[in-house]
Every structure is written in C-alpha cells, then in structure tokens.
Visitor: 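Mind looking over this structure? Questions follow.
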Amino acid sequence: MTSHLAGIADTTQPGDPATQPGEHTHHFEMRLSSTPRGARLARRLCGERLDAWGIPYGTDAHDTLTLLVAEMSANAIHHGRVPGRDFHVRLTTHGAAVRIEVTDTRGELFPVAAPEPPGIDCTGGRGLLLVECLADGWGWFPRPCGGPGKTVWAVYTGPQCEGQDTSRL
C-alpha cells in the first residue's frame with residue numbers, strides 16, 4: 001500500500017519476498033528545507049511514523065531513533081546545506097531493525113567521526129559521536145544517480161533485535 005500526502009510516502013509491504021515470514025517492511029521518506037525548522041520537522045514526523053509502526057513514544061528505541069534522526073538532520077542542515085536546496089530523510093524497517101538515511105546536496109564535505117570527544121568547553125562536534133554510540137552501524141555513500149551530495153545512513157536494531165541480520169538494510 002502506498003499513499004502520497006503532501007510529499008509524504010508511506011509504504012507497507014508485508015508480502016515483500018525480502019522479508020521473513022511474520023515481518024513487515026515499512027518505508028517513509030520526505031524532502032525538507034535545509035533549515036532548523038526542516039530538521040525539527042524531520043524529527044517530529046519520523047517520531048510520529050515510528051509510533052504508528054509500533055515503536056511507541058517514550059520507549060528507549062523510539063527515543064534513540066528520534067535522537068539519531070535529529071542529529072543526522074542537524075548535520076545535513078549545518079554541514080551539508082547548499083542555499084536553495086533541500087535535504088531528504090528516509091526511514092525503512094525490516095522486522096525490528098530501522099535504517100535511517102539523510103541525503104544532503106553538498107558533495108565536497110564528508111562525515112568523519114572525531115577521534116576524541118570534544119572538550120567540555122566546545123559547543124559542537126558531538127553529533128557523529130552520538131550517532132556512532134547509539135547506532136549499530138553507520139556510514140555514508142555518494143548521492144545516487146550522480147547528483148550532488150551524499151547520503152549518511154545509520155542502522156539501529158536495539159537490544160530486542162540482537163542477532164538479526166541487518167546487512168540488507
């Protein structure tokens with residue numbers, strides 16, 4: 001089932017051959033303005049979608065996933081922003097594993113986690129450190145179709161998903 005409401009795509013595919021019996025795949029994506037308001041909206045919309053998919057508000061998994069979306073979106077608007085161009089956020093589930101992707105349009109700056117945490121007086125530099133600590137894996141790849149920019153991704157399985165194969169995410 002696919003529905004498009006004001007640029008929001010939500011696809012549920014329980015019969016997808018890539019899923020295991022009894023597992024559901026969900027998909028949500030949206031393009032947002034590269035502004036603090038766009039990053040805030042990404043966090044709120046993804047949080048709402050996660051709740052609708054059965055990852056309730058107030059749970060550790062929901063809080064962790066919305067923090068990952070918030071940090072990755074903030075990085076896209078602060079470090080990947082090109083004036084006049086938007087960023088794109090995508091959530092995909094496979095069973096209990098969730099993959100987050102944030103695509104920006106700045107291709108010459110690539111995400112690198114700091115070798116050491118920033119000092120206590122620093123007000124920035126912790127975003128990718130948080131992503132690295134909270135996600136089960138993360139990375140980046142050039143924007144598909146040769147367009148300008150890159151996609152940063154993170155996979156979260158949470159404690160209830162130990163041992164699940166997330167390589168397909």
Side-chain angles (χ1 to χ4, degrees), residues 1-16 18-80 86-104 111 113 117 123-141 150-169:
M1 173 177 84
T2 303
S3 63
H4 295 280
L5 300 172
I8 299 173
D10 180 18
T11 305
T12 306
Q13 306 166 341
D16 190 325
T19 62
Q20 300 298 321
E23 293 183 350
H24 296 282
T25 299
H26 300 284
H27 178 82
F28 167 81
E29 62 184 291
M30 188 167 199
R31 191 176 70 176
L32 300 147
S33 64
S34 291
T35 62
R37 183 176 186 211
R40 215 172 27 253
L41 186 58
R43 178 182 51 83
R44 293 192 66 177
L45 288 171
C46 289
E48 184 177 290
R49 186 56 42 203
L50 291 165
D51 183 63
W53 291 344
I55 303 172
Y57 286 107
T59 62
D60 288 343
H62 189 279
D63 293 346
T64 299
L65 286 161
T66 54
L67 180 57
L68 286 167
V69 169
E71 289 300 331
M72 293 168 69
S73 298
N75 283 347
I77 67 157
H78 289 293
H79 305 293
D86 298 334
F87 76 99
H88 185 263
V89 65
R90 176 182 305 185
L91 288 179
T92 308
T93 66
H94 176 74
V98 179
R99 180 180 171 106
I100 303 161
E101 293 182 5
V102 177
T103 303
D104 63 49
T123 59
R126 292 175 179 82
L128 283 179
L129 180 61
L130 282 170
V131 171
E132 191 171 87
C133 290
L134 295 173
D136 295 308
W138 76 277
W140 68 275
F141 55 89
K150 65 197 163 291
T151 298
V152 179
W153 61 269
V155 173
Y156 176 79
T157 55
Q160 74 279 12
C161 307
E162 286 181 17
Q164 265 198 8
D165 177 22
T166 59
S167 61
R168 289 181 288 180
L169 295 175

Visitor: Are Val69 and Leu91 packed together at the side-chain level, in the sense that at least one heavy-atom pair is separated by less than 4.5 angstrom?
Guide: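 Yes, at least one pair of side-chain atoms sits under 4.5 Å.
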Visitor: Among pairs that include at least one residue of residues 61-79, which meet salt bridge (charged side-chain N to carboxylate O under 4.0 Å, His left out), considering only residues two or more places apart or in two chains?
Guide: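 Non-adjacent pairs meeting salt bridge (charged side-chain N to carboxylate O under 4.0 Å, His left out): zero.
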Visitor: Using the test side chain to side chain donor-acceptor pair (under 3.5 Å), find all partners of Asp86 that sit at least two apart in sequence or belong to another chain.
Guide: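 Applying side chain to side chain donor-acceptor pair (under 3.5 Å) to Asp86 gives Arg31.
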Visitor: Output all residues satisfying side chain to side chain contact (heavy atoms under 4.5 Å, CB included) with Thr151, sequence neighbours left out; order by chain, then residue number.
Guide: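 Partners of Thr151 under the side chain to side chain contact (heavy atoms under 4.5 Å, CB included) test: Glu101, Thr103, Phe141, Pro144.
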Visitor: Just how far is it from atom CZ of Arg40 to atom OG of Ser73, taken to the nearest 0.5 Å?
Guide: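 Rounded to the nearest 0.5 Å, the CZ-OG separation comes out at 12.0 Å.
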Visitor: Quick one: does Tyr156's side chain get under 4.5 Å of Arg99's, heavy atoms only?
Guide: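 Answer no - side chains too far apart.
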Visitor: Got a sec, which residues hit side chain to side chain contact (heavy atoms under 4.5 Å, CB included) with Thr59, two or more places apart in sequence or on another chain?
Guide: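 Ile55, Pro56, Ala61, His62.
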Visitor: From Trp153 CH2 over to Met72 CE, what is the distance, rounded to the nearest 0.5 angstrom?
Guide: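 Reported value, rounded in 0.5 Å steps: 9.0 Å.
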Visitor: Search all heavy atoms of Asn75 against all heavy atoms of Gly127 and return the closest pair with its distance.
Guide: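 Scanning both residues completely, I find the closest heavy atoms to be ND2-C, 4.4 Å.
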Visitor: Applying ring-ring contact (aromatic ring centres under 6.0 Å, His included), can you list everything that pairs with His88, at least two apart in sequence or on another chain?
Guide: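 Result, ring-ring contact (aromatic ring centres under 6.0 Å, His included) vs His88: none returned.
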Visitor: Do the side chains of Leu68 and Val131 get nearer than 4.5 Å, heavy atoms only?
Guide: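 Yes; the side chains approach each other to less than 4.5 Å.
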Visitor: What distance do Ile100 atom CD1 and Trp138 atom CH2 have between them, rounded to the nearest 0.5 Å?
Guide: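 Ile100 atom CD1 to Trp138 atom CH2 measures 13.0 Å (nearest 0.5 Å).
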Visitor: Are any of the side-chain heavy atoms of Lys150 and Asp104 separated by less than 4.5 Å?
Guide: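 Yes, their side chains come closer than 4.5 Å.
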Visitor: Could I get the full list of side chain to side chain contact (heavy atoms under 4.5 Å, CB included) partners for Ile77, not counting sequence neighbours?
Guide: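 Per chain and number, Ile77 pairs via side chain to side chain contact (heavy atoms under 4.5 Å, CB included) with Ser34, Pro36, Ala39, Phe87.
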Visitor: Looking at CG of Leu45 and OG1 of Thr66, how far apart are the two atoms once the value is rounded to the nearest 0.5 Å?
Guide: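 Spacing of CG (Leu45) from OG1 (Thr66) equals 12.5 Å.
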Visitor: Got a second to check how far Asp51's CG is from Leu65's CG, nearest 0.5 Å?
Guide: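 Reported to 0.5 Å precision, the distance equals 12.0 Å.
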Visitor: Among residues at least two apart in sequence or on other chains, which ones pass salt bridge (charged side-chain N to carboxylate O under 4.0 Å, His left out) with Arg43?
Guide: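 Result, salt bridge (charged side-chain N to carboxylate O under 4.0 Å, His left out) vs Arg43: none returned.
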